Structure formats: structure tokens, C-alpha cells
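The structure appears below as C-alpha cells.
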Amino acid sequence: MKRTFIFIFLCCTLSCTKKLDLKPDSSIVLPQTISDLEQILDNDQMDITQALPQISADEYFIPSKQDLESTYLLTTRNASVWATDVYQGESQIADWNLPYKNIFYCNSVIDILQKQDISGDAERKRVKGWALFNRSYAFYNLLSTFSKAYDSNTASTDLGIPLRLSPAVDELAGRSSVQQCYEQVQKDLIEAAGLLQQNIIAEKRNRPSKVAAYALLARIYLSMREYEQAEQYADKTLEIYAILTDFNTLNKTSPNGFSHNSEEIIYHSRLDGTYFEFSMSEQSTSYGVNPEIIALYDPSDLRLPLYFQKNSLGNYNMKPINNTNTAPFTGLATDEIYLIKAECLARRGQTQDAMALLNQLLSTRWDSNATGTTKPYTNLSALNPDEALQKILLERRKSLIWRSLRWTDLKRLNLEGANIQLLRKIGDQTYTLMPNSPKYVLPIPEDERVLSGLTQNPR
């Protein structure tokens, strides 16, 4: 397998070159077996997602100007204050390069399997579904970072990302439209759902399942504001897997309340650590969780002690998902699917059903022994669909904090007219991001733009 990965890595390293005169050594072993292909897809970078959307969002504050200016990379600093020039000459941007490396791996596996007869082979079908899922996941995360939010009125002309669908190392793809990109992502996921095994693989939640494909489709359609389809796939997900953890069974004083194998996790992915100062889950004084969000949690809400820890300044940081990795969880979980379903119900006027689903989720997050100034859980209610929607969106913000979902939510909700303005006050300076600003779209890294001739995003 070492020679297999040498071949794959070599191709991936050279995948951006315009012309390639490469004659592989005949001793290099090309991956062919199920084990070979699984090892390609199981590589430890395949489940990493972009950090710049998390750094650009409003879930944290920076305590001082010194904390901002002492960041290791200029990109970290600039993304946190929505600068016009994000990279300032820095190259090899991980948020762009790593997903495309993973897409290359997926394309390599798909290409190999397309040359084989897999019609009667459930294992090869599963591996192809795995590669299609991971490719669509990478494409979607690239879209969320480097393209406008989906708008049905402009999607056919808005610039998306290059859709690299072949492992050919000399292929240069231009930017497809946002519409074409989302259609490709949906096509990949629907095919993946038909190939993958139904059940989640315990202890290997970085491997997708049919339920993960449905959950990702629900997330994607929600981001597109296609609420009927989002609800459809939320239903498909919950029909297969609807487990919620009773937070009363967890140790709220533990330095980490969850693990990579927590039962609510449908598919595990984690945030890239390149821009670590303002994004990692650890005790850090360089950032603090936005106090406005902390104030939203009732004292009886177990999310408060299970999600957060205090640092030496008395600010809150996120707890790591386990003791060995401070990269925050960005994958798919059942709590997100409950919230998608509840939001879609509210948007089509089903107030009571929406609130019943929300209460089903929140009751598992409440201290069952609450007394005194805290209290046992009392069901939330709403008088109309709009009130229900606002309560669901508030709980979405509280439940899904630090999962790199807020940036996409801001983009779609501002298209709905939410008019959310972001402010970041650091020292005596206040930085502002206006609703629907072009700065909600990260620029294409300059080294990639020059090499591939891609049109740059306006800032």
C-alpha cells in the first residue's frame, strides 16, 4: 500500500500542472482491491473541512488587538475582520487545496471502479458510494466558502467552483455556475445513497452510510432554501436513524463531553487546524465564545457545561470532542436533522408539529434534577408559524454552535431578509460586515487563480 499511496500522492501533487509528461515506474502498484480503495478513502485528511467560514462567522470575540496582531498567519487575521485582501500574498491555502486533494482521491477511486464490473458486488458498490459521498461533501464545502449562497434567481449565472470530475492530472476545469455545481452535488449524493450500506458503522463514523447521504442532502437543500426537499431528506434520515442522547447521561465536568463515536453522530468530519488561533476547541485566551450566545443558555440547559469551558480570563471556550483532538466537529448529527425538520415544518405553517419536534430535542438537553433558580424542562410553545420559526432558529444557533454552519446560515437567512449585520470590536476599532456583502464569498487563492485562469470573486 505504500507504493499505492506514493502513486496517488505523486498524481495529486502534480494535479494542478497544465501539462504532464509522466511515465510511471512499472513497479508501482495501482490500487485495485477493496482494501486498496478503502485505504485511499480512509486517509486521515479525508474528513477535514474548511476553517475560514468558522473564522469569518460571529460565534466568537477576540479579547485584544494584541491577540489579533499576534496570529501566526495573515489569512487568519484578515478573515476574522473581513478584510478585502484575505491572503495578503500567502499561498497554498488549505481551505482550497485540501478539498481538491480529497476530490482527486475520490475521482481516482471512482475511475478505477468504473473500469470494473461492480453490478453484482455490494462491497465495490459501497466503496463507489463512499467516494461519491466524499466528493460531494468536498464540493459542497467549497461552494459554501468560495461562492454565493444559492439563489434560484441568479444561480445559473453566479460563479461556482471548478467541478473536477476526473483524476486526469492535466485537466484544467473552469468555474461552473452555482446551479451546475449544486446539481452535480445532488447527483453524486443521490447515486451514493443507492450504493451505500444503510447503517452507520460504529467506531468508523468517518465512513458514510445511506443515512449520511440523506442527512447531507437535507443540509444542502436547507442552505439552498429549498425547504420542501430539505424536509423530504430530513424525513428519510430520521426514518432510518433518529437517536438523541439524553445529556443527563453525560459527565458535564469532563474536559470533553463527547467522542468521535457519540451515538448522535451520523458522519464525522472535523475542522482544519491551519488557522487554529480562533477556531480550535481548547482552553485558549486568544478568543472567547460570543458572550451574547452564552447568555442564551438557561442554567438548567446541559449544553452549557457540556459544550463550554472557562479559560483563565473567565471567558468561555469550546470543549474538544475528545482529549486527543481539539479540531471541532463539523459533521452530520441527529440534532441538526431534528432542527432542519422543525424549521421546515414551521416554514410551511405547521406550528404545533414544529414545536413538538423542537421540544423532543430540547428535553434531552435539560437537567432532569433542576431545582431552585433552575427548573425542570417546560415545553416551548408558539402562537404562529413565524414565532415558531424564530424559536427554532435560536435553538439552531445554540445547538449547532462551532460546527462551521453559522456562515452558511447567515448567507441564506440574509437572502430571506433577516438583515443580520456582523460587528467585531477589537480594542478601539469596530469591524463591520453588512448583510449580503460580497465579502460573504471568500476569494479564490491567488496562486490557484493565476495557475488556472479562474475569475476572481469581487470583494
Side-chain angles (χ1 to χ4, degrees), residues 59 149-150 152 211-212 214-248 263-266 292-293 295-298 300-304 307 331-368 370 375-401 403 405-420:
E59 295 183 325
Y150 182 89
S152 60
V211 66
Y214 290 154
L216 183 53
L217 280 162
R219 175 187 285 185
I220 290 168
Y221 277 118
L222 188 81
S223 75
M224 297 171 68
R225 299 183 295 132
E226 299 283 355
Y227 298 114
E228 182 178 347
Q229 291 93 330
E231 184 176 2
Q232 173 187 341
Y233 282 103
D235 284 339
K236 285 179 175 288
T237 304
L238 296 174
E239 284 171 7
I240 302 172
Y241 197 81
I243 291 175
L244 290 173
T245 300
D246 181 354
F247 277 21
N248 287 279
E263 62 183 352
E264 284 192 20
I265 293 178
I266 293 171
E292 293 180 4
I293 301 176
L296 296 174
Y297 296 92
D298 187 276
S300 299
D301 193 330
L302 292 172
R303 289 174 295 186
L304 185 61
Y307 282 8
L332 300 155
T334 50
D335 58 347
E336 179 185 354
I337 306 305
Y338 274 78
L339 288 161
I340 291 173
K341 172 67 175 176
E343 180 177 341
C344 293
L345 284 168
R347 288 185 180 277
R348 64 181 179 90
Q350 302 298 308
T351 302
Q352 290 186 350
D353 290 343
M355 295 307 294
L357 203 66
L358 181 64
N359 285 317
Q360 186 179 347
L361 169 66
L362 295 183
S363 63
T364 65
R365 273 63 181 143
W366 213 259
D367 187 348
S368 60
K375 55 185 182 297
Y377 184 72
T378 303
N379 282 341
L380 299 179
S381 61
L383 296 176
N384 53 60
D386 185 64
E387 184 182 353
L389 178 61
Q390 296 312 310
K391 290 185 176 183
I392 291 162
L393 291 175
L394 178 62
E395 293 303 329
R396 179 177 173 86
R397 192 176 186 194
K398 292 158 66 179
S399 281
L400 307 183
I401 186 171
R403 297 198 199 171
L405 294 171
R406 176 64 174 169
W407 189 241
T408 306
D409 278 350
L410 288 166
K411 291 166 78 168
R412 73 173 174 98
L413 293 173
N414 278 332
L415 283 178
E416 296 276 2
N419 200 35
I420 303 169

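The residues of the chain are indexed from 1 along the displayed sequence. Computed from a prediction, not measured in an experiment: that's the story for all the values here.
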Practice task
Check whether any side-chain heavy atom of Arg347 lies under 4.5 Å from a side-chain heavy atom of Glu231, and answer yes or no.
Solution key: no
Handout entry: Closest non-hydrogen atom pair, Ala370 against Ser300
Key = CB-OG, 3.4 Å
Exercise for the section: Report yes or no: does Asn359 contribute a side-chain atom to a donor-acceptor pair with the main-chain N or O of Leu380 at less than 3.5 Å? Expected result: yes
Problem - Nearest atoms (heavy-atom pairs only) where Leu238 meets Ala242 - result: O-CB, 3.5 Å
Practice task
May I ask you to decide if Thr245's main-chain N or O and Arg365's side chain share a donor-acceptor pair within less than 3.5 Å?
Solution key: yes
Completion exercise
Between Ala382 and Thr351 the two heavy atoms that sit nearest each other are O-CG2, 3.6 Å
Practice task
Without swapping roles, check the side chain of Lys398 against the backbone of Leu304 for a donor-acceptor pair under 3.5 Å.
Solution key: no
Handout entry: Check: Glu292 and Leu296 side chains under 4.5 Å, non-hydrogen atoms
Key = no
Completion exercise
Taken to the nearest 0.5 Å, the spacing of Arg303 CZ from Ser399 OG works out to 4.0 Å
Exercise for the section: Begin from the C-alpha positions of Tyr227 and Arg225 and carry the test side-chain contact (heavy atoms from CB on, under 4.5 Å) through to its verdict. Expected result: CA-CA 5 Å; Tyr227 298 114; Arg225 299 183 295 132; 3.4 Å; yes
Exercise for the section: Could you grab the distance from atom CD of Gln352 to atom CG of Leu345, nearest 0.5 Å is fine? Expected result: 12.0 Å
Problem - Min side-chain heavy-atom separation Met224-Tyr221 under 4.5 Å - result: yes
Exercise for the section: Could you tell me whether Glu416 atom CD has more than 12 heavy atoms of other residues or ligands within 6.0 Å of it? Expected result: yes
Problem - Side-chain donor or acceptor of Thr334 paired with backbone N/O of Leu244 under 3.5 Å - result: no
Exercise for the section: Would you check if the side chain of Tyr377 reaches a backbone N or O of Thr364 as a donor-acceptor pair within less than 3.5 Å? Expected result: no
Exercise for the section: Determine whether Leu222 and Arg412 make a side-chain contact, defined as any pair of heavy atoms from C-beta on separated by less than 4.5 Å. Expected result: yes
Practice task
State the CD-NZ distance between Gln360 and Lys341, to the nearest 0.5 angstrom.
Solution key: 11.5 Å
Handout entry: Between CG on residue Leu413 and CZ on residue Arg396, distance to nearest 0.5 Å
Key = 8.0 Å
Exercise for the section: Would you please test Glu395 and Lys391 for salt bridge (Lys or Arg N to Asp or Glu O under 4.0 Å) and show each step? Expected result: CA-CA 6 Å; Glu395 293 303 329; Lys391 290 185 176 183; over 6 Å; no
Practice task
Grab the two heavy atoms, one from Ile243 and one from Glu264, that are nearest each other, plus how far apart they are.
Solution key: O-CG, 3.7 Å
Handout entry: Heavy-atom side-chain contact between Trp366 and Asp301 under 4.5 Å
Key = yes
Exercise for the section: Could you check if a side-chain atom of Tyr214 sits within less than 4.5 angstrom of a side-chain atom of Glu239, using non-hydrogen atoms only? Expected result: no
Problem - pair Glu59-Ile293: side-chain heavy atoms closer than 4.5 Å - result: yes
Handout entry: Close side-chain approach of Ile337 to Ile266, heavy-atom, < 4.5 Å
Key = yes
Handout entry: Separation of Thr237 OG1 from Leu216 CG (nearest 0.5 Å)
Key = 9.5 Å
Practice task
Indicate the atoms forming the closest heavy-atom contact of Leu217 with Tyr233, along with that distance.
Solution key: CD1-CE2, 3.5 Å
Completion exercise
Of all heavy-atom pairs linking Asn248 and Ser368, the shortest is OD1-N, 2.9 Å
Completion exercise
Between the CG atom in Leu415 and the CG atom in Leu410, the distance rounded to the nearest 0.5 Å is 11.0 Å
Problem - Asp409/Arg397 salt bridge by N-O under 4.0 Å criterion - result: no
